[in-house]
Undergrad: 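Please find one structure pasted underneath; my questions will follow.
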Amino acid sequence: MSELPKAYQPQSVESKWYQYWLDEKFFEADPSSSKPGFSIVIPPPNVTGMLHMGHVLNNTIQDILARKARMDGKEVLWLPGTDHAGIATQVMVEKSIRKEGLTRHDLGREAFLEKVWEWKEKHGGIIINQLKKLGASCDWSRERFTMDEDYSRCVQRVFVKLYRQGLIYRGKRMVNWCPASLTALSDEEVIMTPQKSFLWYFKVQVAEDPSTWMTIATTRPETIPGDTAIAVNPKDPRYGHLIGKHVIRPLPAENQARIPIVADEHIDLEFGTGVLKVTPAHDKADFEIGKRHDLEIIDILNPDGTTNELAGRDLAGLDRFKARERAVELLREIGVLEKEEPYENKVGFSERAKVAVEPRLSEQWFLKYPEVEASHRCVREGHMKFFPDRWAKTYDHWMSHIQDWCISRQLWWGHQIPVWYHNETGEIHCDIDPPEHPECWTRDADVLDTWFSSWLWPFATMGWTGDATLDADNPSLQTFYPTTDLVTGPDIIFFWVARMIMAGYAFMGDLPFRNVYYTGIIRDKQGRKMSKTLGNSPDPLELIGQYGADALRFGTMRSAPLGLDVLFDEKDVELGRNFCNKLWNACRFRQMQGGMQEGEIDPMRLTTDDKWILIRLHTAISEVNQAFEDYKFNEATTTLYRFFWNEYCDWYVESSKAALQGADPALQANTLALMDFILSNTLRLFHPFLPFITEELWHGMGFSSDLPGDQGGRTIGLAHWPKAFDEDFLEHYGLDACYAEFVESKYELVRMGRNLRGEFNIPSKQKIPYVLQPSETLSDYELDTLRILLNAERLDVEADYQAPKGTPAVPSQLGTLFLPLEGLVDVEAEKGRLIKELEKITKEVEKVEKKLANSGFVDRAPAEVVQEHRQRLSDWQQKLEYARKSLEALTASGS
RNA sequence: GCGCGGUUAGCUCAGUGGUAGAGCACCACACUGACACUGUGGGGGUCACUGGUUCGAACCCAGUAUCGCGCACCA
């Protein structure tokens with residue numbers, strides 16, 4: 001092995017190993033393997049997207065799961081790919097051609113789609129490369145794209161099948177219309193956003209009784225020309241007598257029509273004036289009222305949100321918001337505007353285009369979801385597990401109120417609907433293949449919602465054909481479907497997760513994944529969502545360049561608890577970097593002691609510290625394994641961090657210097673062998689989190705070839721995952737808990753000794769003598785470790801030590817430790833320290849005494865808890881007594 | 001309106017019935033042959049509030065406040 005540089009330099013290391021992994025095909029899944037299968041499909045990012053912190057969180061978790069599964073001996077498939085992202089991509093390309101002064105209509109469908117494909121080829125690979133930089137261990141040989149030929153075929157096959165089952169139908173319905181993208185949207189793509197607006201009150205005259213006026217409150221006065229009725233609640237005593245009469249609609253001024261007053265249960269008596277203007281063309285609820293009362297529908301808007309001639313000469317041709325202002329002016333001019341009051345209401349916005357959607361009546365394709373019942377049940381009954389499980393409730397609620405899905409989009413980029421209309425008869429041809437004599441048919445121009453392709457992702461990516469016999473012979477589907485885990489954000493639980501579940505049951509007859517892990521949302525330090533416009537979204541690639549991918553992964557995982565949003569702070573990445581450096585240097589320290597040890601660890605030569613660190617490792621492994629079971633990755637990282645830094649580096653490595661610097665070569669060798677054991681376990685435990693540095697050290701330390709049996713291997717990624725020690729192991733190495741207790745008390749003594757040094761302002765570099773009055777016999781080895789840990793010049797053991805008056809001392813399990821100050825004794829300082837100490841101890845004693853004085857506690861608490869409290873009390877009392885005596889002695893001596 | 005989260009040290013958060021924790025920040029000391037991307041020691045908390053259950057509550061229950069999110073046709 002070569003000597004390691006002083007600080008870890010991730011840049012060259014990372015690219016070197018990633019290339020090695022690719023060359024060796026470690027990430028490629030073999031469906032014919034005899035190992036048990038483990039699979040994850042990546043939530044496909046937008047093909048032209050860039051890696052952001054959300055991707056980092058999401059994909060790091062997937063990578064951790066995949067790498068851990070490989071070490072567990074599974075055949076792992078992590079299937080990557082990208083999504084064509086219909087609206088997002090089309091909008092992007094439209095924007096780019098607009099710079100040349102062109103619209104997509106100038107180009108025409110075919111030429112425009114060519115442009116989009118060009119764009120895809122140019123930008124499509126970026127995010128994939130970024131994932132590689134992060135260390136993602138995807139099987140790149142299986143990369144898929146939702147518009148691949150095979151994949152598209154799956155989409156069409158599904159459409160045809162559902163159409164033939166009668167679950168897909170076409171109809172004229174109220175849909176969410178995006179006036180910017182000029183397409184229909186699903187309910188899920190509409191974000192309800194609070195808007196500060198006004199509630200305008202205007203009055204209308206009753207036609208049959210001109211002296212009577214009714215006042216209506218509205219937020220959309222521009223739609224008045226589209227009103228075809230006004231409605232009141234039949235139970236409303238104010239208006240009951242007017243039902244069936246008519247009012248004069250004030251706009252358009254040149255066409256003040258008479259519209260009926262209808263009664264409808266839907267009207268809220270409390271709201272506004274209790275009178276609703278009914279605009280069936282521009283409001284979902286109004287449309288329903290219109291249907292119930294057979295009202296005329298007047299559509300006053302163009303698809304792009306401007307008003308048309310039906311809005312009347314004063315309003316026509318305006319943008320809808322301009323028209324609103326103008327309508328208010330007109331009402332005022334006519335003299336029917338009574339008042340306006342500020343009002344906050346929620347308005348639906350297009351998720352992509354960020355403009356207010358319009359409810360609009362149009363001809364669209366809809367899907368009545370298949371397998372709702374089975375999909376609903378599998379989560380409710382726990383066949384599929386959600387982490388955290390509270391999302392199951394959200395899922396349950398949505399599934400209980402499921403609405404048909406509007407799947408057609410008036411876009412060009414996407415899967416065109418496989419439906420042709422006969423030019424003369426109007427007959428419908430729905431099939432994967434076009435009809436014969438295509439010249440007699442016209443294909444439906446619409447494409448499918450992007451999610452109508454991504455809902456097939458778990459099996460369409462694995463070569464699904466829909467033919468039961470063929471699929472049964474497909475090893476990928478057989479080995480890797482259902483997939484094991486899905487890792488995604490809760491924001492797409494309806495868009496994607498729920499729909500995949502239904503598709504899984506409908507087309508594969510089985511659920512698509514067994515567990516779903518929902519990540520939190522990454523926010524900035526102030527808790528704001530990360531967004532381009534705020535500029536608060538750090539570029540992960542820059543962070544990787546600066547700190548290393550492992551550091552980014554570690555920092556992210558350490559601050560990402562299950563189920564909560566993550567407040568991202570670059571400090572976390574810095575912490576990750578520092579940790580990698582610590583790991584690096586701990587291995588470097590081991591390496592400086594010489595090469596791998598030939599012999600096995602000799603149980604007879606284990607020191608108490610050795611046994612302690614083995615027990616701590618055992619605990620760490622158990623905790624990490626538990627954390628994995630619970631999908632609590634931050635707990636796993638915290639445990640590993642604590643074990644490695646606080647326990648191994650701070651205590652074990654320091655105390656092992658006694659053995660390493662000692663005169664016993666056999667003990668030295670044994671210590672080194674033990675270090676190798678600990679380090680090889682540690683590196684493996686860290687590997688899923690820190691793949692690059694652990695691989696580098698694995699090879700650098702010689703573990704890749706020199707370790708016996710299944711611990712070695714060409715890559716740490718295929719080394720066996722550490723198991724918590726079994727009984728035989730514990731017995732073989734004599735790992736009794738009493739050793740841990742002893743070592744803990746030794747370290748406690750050290751801590752007190754160091755504290756004394758601090759209290760008396762003795763610089764930590766100054767080597768000073770300590771005196772120990774032991775309460776039990778300590779071996780030379782123990783005394784050596786104490787001396788080293790205390791950084792003592794020497795440690796004198798004197799059973800009947802007579803300390804000079806005022807010598808600071810602390811009592812401990814192992815004896816009393818004195819800090820002789822030789823002429824520097826400051827009695828007042830020691831008094832001060834003791835008084836402070838007394839106060840502290842007294843408080844603790846009182847606390848425990850109070851508890852033990854409570855007969856309820858003593859009688860009813862479990863015996864072991866009471867016993868533990870008694871022990872604690874006696875410990876504190878001892879300290880109290882010691883401090884009191886010391887103080888008395890000082891006071892009596894009269895300084 | 002309904003539902004779901006959060007409220008613990010200056011900051012960000014762990015902690016789910018038995019001695020209040022971590023990282024960062026802060027103070028002091030030390031560039032000691034693994035590591036200054038470091039080490040050692042230290043200060044710092046009515047666990048949002050009010051009640052209840054319990055021998056015992058940060059933790060369980062009820063309610064309040066506050067912040068955030070989701071769902072819902074209130075114009």
Side-chain angles (χ1 to χ4, degrees), chain A residues 4 6-8 174 192 199 216-220 223 231 266-268 270-279 283-289 343 345-346 359 388 390-391 393-394 397-398 401 490-491 493-494 520-521 523 525 527 547 551 555 558-561 563-569 571-572 574-593 632 634-635 638 641-642 646 649-650 653-654 750-751 754-759 761-767 789 791 844 847-848 851 854-862 864-866 868-869 872 875-876:
Chain A
L4 302 171
K6 201 166 173 181
Y8 174 55
M174 255 343 226
M192 299 309 283
L199 202 51
I216 303 173
T218 182
T219 55
R220 299 202 60 185
T223 63
H266 164 266
I267 312 307
D268 181 350
E270 308 295 319
F271 189 90
T273 59
V275 186
L276 172 72
K277 66 192 251 333
V278 184
T279 327
D283 186 282
K284 236 177 183 171
D286 289 10
F287 178 73
E288 295 302 321
I289 295 174
Y343 183 67
N345 63 339
K346 288 198 172 175
R390 65 187 150 83
W391 293 113
K393 213 165 174 176
T394 306
H397 185 258
W398 189 76
H401 298 85
D491 48 335
I493 190 166
F494 311 137
I521 293 167
R523 299 171 178 280
K525 255 195 285 189
Y547 298 100
R558 202 171 178 281
S559 55
L564 289 175
D565 288 355
V566 184
L567 267 58
F568 178 81
D569 187 341
K571 286 263 181 222
D572 293 326
E574 207 178 306
L575 176 90
R577 193 245 345 234
N578 295 353
F579 184 80
C580 288
N581 197 52
K582 190 75 181 176
L583 189 59
W584 184 260
N585 274 289
C587 289
R588 191 163 158 260
F589 174 76
R590 165 62 189 88
Q591 200 190 39
M592 291 166 92
Q593 314 300 317
K632 291 182 173 171
N634 70 317
E635 282 186 13
T638 305
Y641 184 95
R642 184 208 67 217
N646 302 133
C649 291
D650 290 351
V653 172
E654 292 309 315
V750 170
R751 229 176 265 123
R754 286 169 173 172
N755 175 274
L756 270 190
R757 183 198 277 269
E759 293 273 354
N761 292 323
I762 298 164
S764 49
K765 72 168 172 195
Q766 192 176 329
K767 293 226 173 190
L789 293 169
N791 193 30
E844 295 297 331
K847 230 161 70 179
V848 189
K851 243 182 151 173
N854 181 347
S855 64
F857 173 69
V858 180
D859 295 343
R860 307 177 71 161
E864 60 202 46
V865 174
V866 178
E868 188 266 327
H869 276 75
R872 201 192 307 161
D875 290 351
W876 282 116

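Each chain gets a letter, A, B and so on, in the order the sequences are listed, and its residues count up from 1. Just so we're clear, the structure is a prediction, and the values are computed from it rather than from any experiment.
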Undergrad: rC27(B) and rG63(B): how far apart are their P atoms, nearest whole angstrom?
TA: 46 Å
Undergrad: Anything under 3.5 Å between a protein N or O and an N or O of nucleotides 3-8 of chain B, put it in a table, one pair a line.
TA:
{"from": "rC4(B)", "atom 1": "OP1", "to": "Lys393(A)", "atom 2": "NZ", "distance (Å)": "2.8"}

Undergrad: Considering only atom P, compute the distance from rC59(B) to rC47(B) and round it to an integer number of Å.
TA: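 Their P atoms lie roughly 10 Å apart.
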Undergrad: Could you please spell out the steps behind the side-chain contact (heavy atoms from CB on, under 4.5 Å) verdict for Phe589(A) and Val653(A)?
TA: CA-CA 9 Å; Phe589(A) 174 76; Val653(A) 172; 3.6 Å; yes
Undergrad: When the distance from CD1 of Ile521(A) to P of rC13(B) is rounded to whole Å, what number comes out?
TA: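 Computing the Ile521(A):CD1 to rC13(B):P distance gives 14 Å.
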Undergrad: How far, in whole Å, is rG43(B) from rA48(B) if one measures between their C1' atoms?
TA: 25 Å
Undergrad: Quick one: list whatever passes side chain to side chain contact (heavy atoms under 4.5 Å, CB included) with His266(A), sequence neighbours left out.
TA: Asp264(A), Leu276(A), Ala285(A), Ile289(A), Arg292(A)
Undergrad: Give me the distance, rounded to whole Å, that separates rA25(B) from rU64(B) when you measure between the C1' atoms they each carry.
TA: 34 Å
Undergrad: Specify the separation, in whole Å, of atom CZ of Arg754(A) and atom C1' of rC29(B).
TA: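 About 13 Å, once rounded to whole Å.
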Undergrad: Output yes when a side-chain donor or acceptor of Asn581(A) lies under 3.5 Å from a complementary backbone atom of Tyr8(A), and no otherwise.
TA: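 Yes; judged by distance alone, with no hydrogens or angles, the pair exists.
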Undergrad: May I have the distance from Arg757(A) (atom CZ) to rU40(B) (atom P), rounded to whole angstrom?
TA: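 Checked: the CZ to P distance equals 13 Å.
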Undergrad: On RNA chain B, does the nearest nucleotide to Lys632(A) precede the nearest nucleotide to Glu844(A) from the 5' side, or the other way round? Give the residue.
TA: Lys632(A)
Undergrad: Stepwise, does the side-chain contact (heavy atoms from CB on, under 4.5 Å) test hold for Leu789(A) with Arg754(A)?
TA: CA-CA 9 Å; Leu789(A) 293 169; Arg754(A) 286 169 173 172; 4.2 Å; yes
Undergrad: Set out, in order, the CA-CA distance, both residues' side-chain angles and the distance that settles side-chain contact (heavy atoms from CB on, under 4.5 Å) for His869(A) and Phe857(A), then state yes or no.
TA: CA-CA 11 Å; His869(A) 276 75; Phe857(A) 173 69; 3.7 Å; yes
Undergrad: Looking at Arg220(A) and Thr279(A), would you say the former's side chain and the latter's main chain have a donor-acceptor pair under 3.5 Å?
TA: no
Undergrad: In whole Å, I'd like the distance from the CD atom of Glu654(A) to the C1' atom of rA30(B).
TA: 14 Å
Undergrad: Dot-bracket, RNA chain B: Watson-Crick or G-U, under 3.5 angstrom, [ ] crossing, | other strand?
TA: ((((((((.[[[[.)..(..]]]].(((((.......))))).....[[[[[..)....]]]]])))))))....
Undergrad: Do Asp569(A) and Glu574(A) have side chains that get closer than 4.5 Å, going by heavy atoms?
TA: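 Counting from C-beta outward, Asp569(A) and Glu574(A) never come under 4.5 Å.
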Undergrad: Both Lys6(A) and Phe579(A) contact RNA chain B. Taking the nearest nucleotide for each, which residue is further toward the 5' end?
TA: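 Mapping each residue to its closest nucleotide by heavy atoms, the 5'-most match is Lys6(A).
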Undergrad: What's the spacing between Asp286(A) CG and Thr223(A) OG1 if we round to 0.5 Å?
TA: 8.0 Å
Undergrad: Would you measure the distance from the C1' atom in rG23(B) across to the matching atom in rG17(B) and give it in whole Å?
TA: 27 Å
Undergrad: Roughly how far apart, to the nearest Å, are rC24(B) and rC61(B) at atom P?
TA: 35 Å
Undergrad: At their closest point, which heavy atom of Thr273(A) faces which heavy atom of Ala217(A), and how far apart are they?
TA: OG1-N, 4.1 Å
Undergrad: Respond yes when some side-chain nitrogen or oxygen of Asn585(A) is under 4.0 Å from OP1 or OP2 of rU38(B), and no when none is.
TA: no
Undergrad: Just to verify, what does Arg872(A) make a salt bridge (Lys or Arg N to Asp or Glu O under 4.0 Å) with, not counting sequence neighbours?
TA: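 Counting only residues at least two positions away or on another chain, Arg872(A) forms a salt bridge (Lys or Arg N to Asp or Glu O under 4.0 Å) with Glu868(A).
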Undergrad: Restricting to side chain to side chain contact (heavy atoms under 4.5 Å, CB included), what partner residues turn up for Asp491(A), sequence neighbours left out?
TA: none
Undergrad: Tell me, please, which residues at least two apart from Thr219(A) pass side chain to side chain contact (heavy atoms under 4.5 Å, CB included).
TA: Leu199(A), Tyr343(A), Asn345(A)
Undergrad: Quick one: what's the B/S/- string for nucleotides 21-28 of chain B, heavy-atom cutoff under 4.0 Å, read 5' to 3'?
TA: -SSS----
Undergrad: If I compare all heavy atoms of Cys580(A) with all of Ala551(A), which pair ends up nearest, and what's the gap?
TA: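 Shortest heavy-atom separation between Cys580(A) and Ala551(A) comes out as SG-N, 4.2 Å.
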Undergrad: Could you run down the sub-3.5 Å N/O contacts of the protein with nucleotides 53-56 of chain B?
TA:
{"from": "rC55(B)", "atom 1": "OP1", "to": "Arg860(A)", "atom 2": "NE", "distance (Å)": "2.7"}
{"from": "rC55(B)", "atom 1": "OP1", "to": "Arg860(A)", "atom 2": "NH1", "distance (Å)": "2.5"}
{"from": "rC55(B)", "atom 1": "OP1", "to": "Arg860(A)", "atom 2": "NH2", "distance (Å)": "2.3"}
{"from": "rC55(B)", "atom 1": "O4'", "to": "Gly856(A)", "atom 2": "O", "distance (Å)": "3.3"}
{"from": "rC55(B)", "atom 1": "O2'", "to": "Asn854(A)", "atom 2": "ND2", "distance (Å)": "2.7"}

Undergrad: Taking only residues two or more places apart in sequence, or in another chain, which ones meet Arg751(A) in a salt bridge (Lys or Arg N to Asp or Glu O under 4.0 Å)?
TA: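 Glu748(A).
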Undergrad: Rounded to whole angstroms, how far apart are CG on Leu789(A) and P on rG39(B)?
TA: 15 Å
Undergrad: Would you say the side chain of Arg577(A) and the base of rC37(B) hold a donor-acceptor pair, judged only by whether the two atoms sit under 3.5 Å apart?
TA: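 Answer is yes: a donor-acceptor pair is held.
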Undergrad: Quantified in whole Å, what is the C1' atom distance between nucleotide rC60(B) and nucleotide rG68(B)?
TA: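 Pairwise C1' distance, rC60(B) against rG68(B), rounds to 25 Å.
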Undergrad: Can you check the distance between rG6(B) and rC49(B), where both ends of the measurement are the C1' atom (answer in whole Å)?
TA: 15 Å
Undergrad: Using nucleotides 72-75 of chain B, report all nitrogen or oxygen pairs with the protein that are shorter than 3.5 Å.
TA:
{"from": "rC73(B)", "atom 1": "O2", "to": "His266(A)", "atom 2": "NE2", "distance (Å)": "2.4"}
{"from": "rC74(B)", "atom 1": "O2", "to": "Asp268(A)", "atom 2": "OD2", "distance (Å)": "2.4"}
{"from": "rC74(B)", "atom 1": "N3", "to": "Asp268(A)", "atom 2": "OD2", "distance (Å)": "3.0"}
{"from": "rA75(B)", "atom 1": "OP2", "to": "Tyr343(A)", "atom 2": "OH", "distance (Å)": "2.8"}
{"from": "rA75(B)", "atom 1": "N6", "to": "Asp268(A)", "atom 2": "O", "distance (Å)": "2.8"}
{"from": "rA75(B)", "atom 1": "N6", "to": "Phe271(A)", "atom 2": "O", "distance (Å)": "3.0"}
{"from": "rA75(B)", "atom 1": "N1", "to": "Asp268(A)", "atom 2": "N", "distance (Å)": "3.3"}

Undergrad: CG of Asn634(A) versus C1' of rG15(B): gap in Å, rounded?
TA: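 Nearest whole value for this atom pair: 11 Å.
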Undergrad: For Tyr641(A), check side chain to side chain contact (heavy atoms under 4.5 Å, CB included) against everything at least two apart and list the hits.
TA: Phe554(A), Arg558(A), Leu575(A), Phe579(A), Trp645(A)
Undergrad: Look at all strands and tell whether Cys649(A) reaches a base, only sugar-phosphate, or nothing, counting heavy atoms closer than 4.0 Å.
TA: base
Undergrad: Can you measure Asp650(A) atom CG to rA36(B) atom C1' for me and round it to whole angstrom units?
TA: 15 Å
Undergrad: Look at the side chain of Asn585(A) and the backbone N and O of Arg588(A), then say whether any donor-acceptor pair between them is shorter than 3.5 Å.
TA: no
Undergrad: Please find the pair of heavy atoms, one from Ala231(A) and one from Val278(A), that lie closest to each other, and give the distance.
TA: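 Closest approach of Ala231(A) to Val278(A): CB-CG2, 3.7 Å.
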Undergrad: For Lys571(A), which residues count as a salt bridge (Lys or Arg N to Asp or Glu O under 4.0 Å) partner, sequence neighbours excluded?
TA: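 For Lys571(A), no residue satisfies salt bridge (Lys or Arg N to Asp or Glu O under 4.0 Å) once neighbours in sequence are set aside.
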Undergrad: Nearest-Å distance, OH (Tyr8(A)) to C1' (rC37(B))?
TA: 13 Å
Undergrad: Using a heavy-atom cut-off of 4.0 Å across all strands, would you classify Arg872(A) as base, sugar-phosphate, or nothing?
TA: base
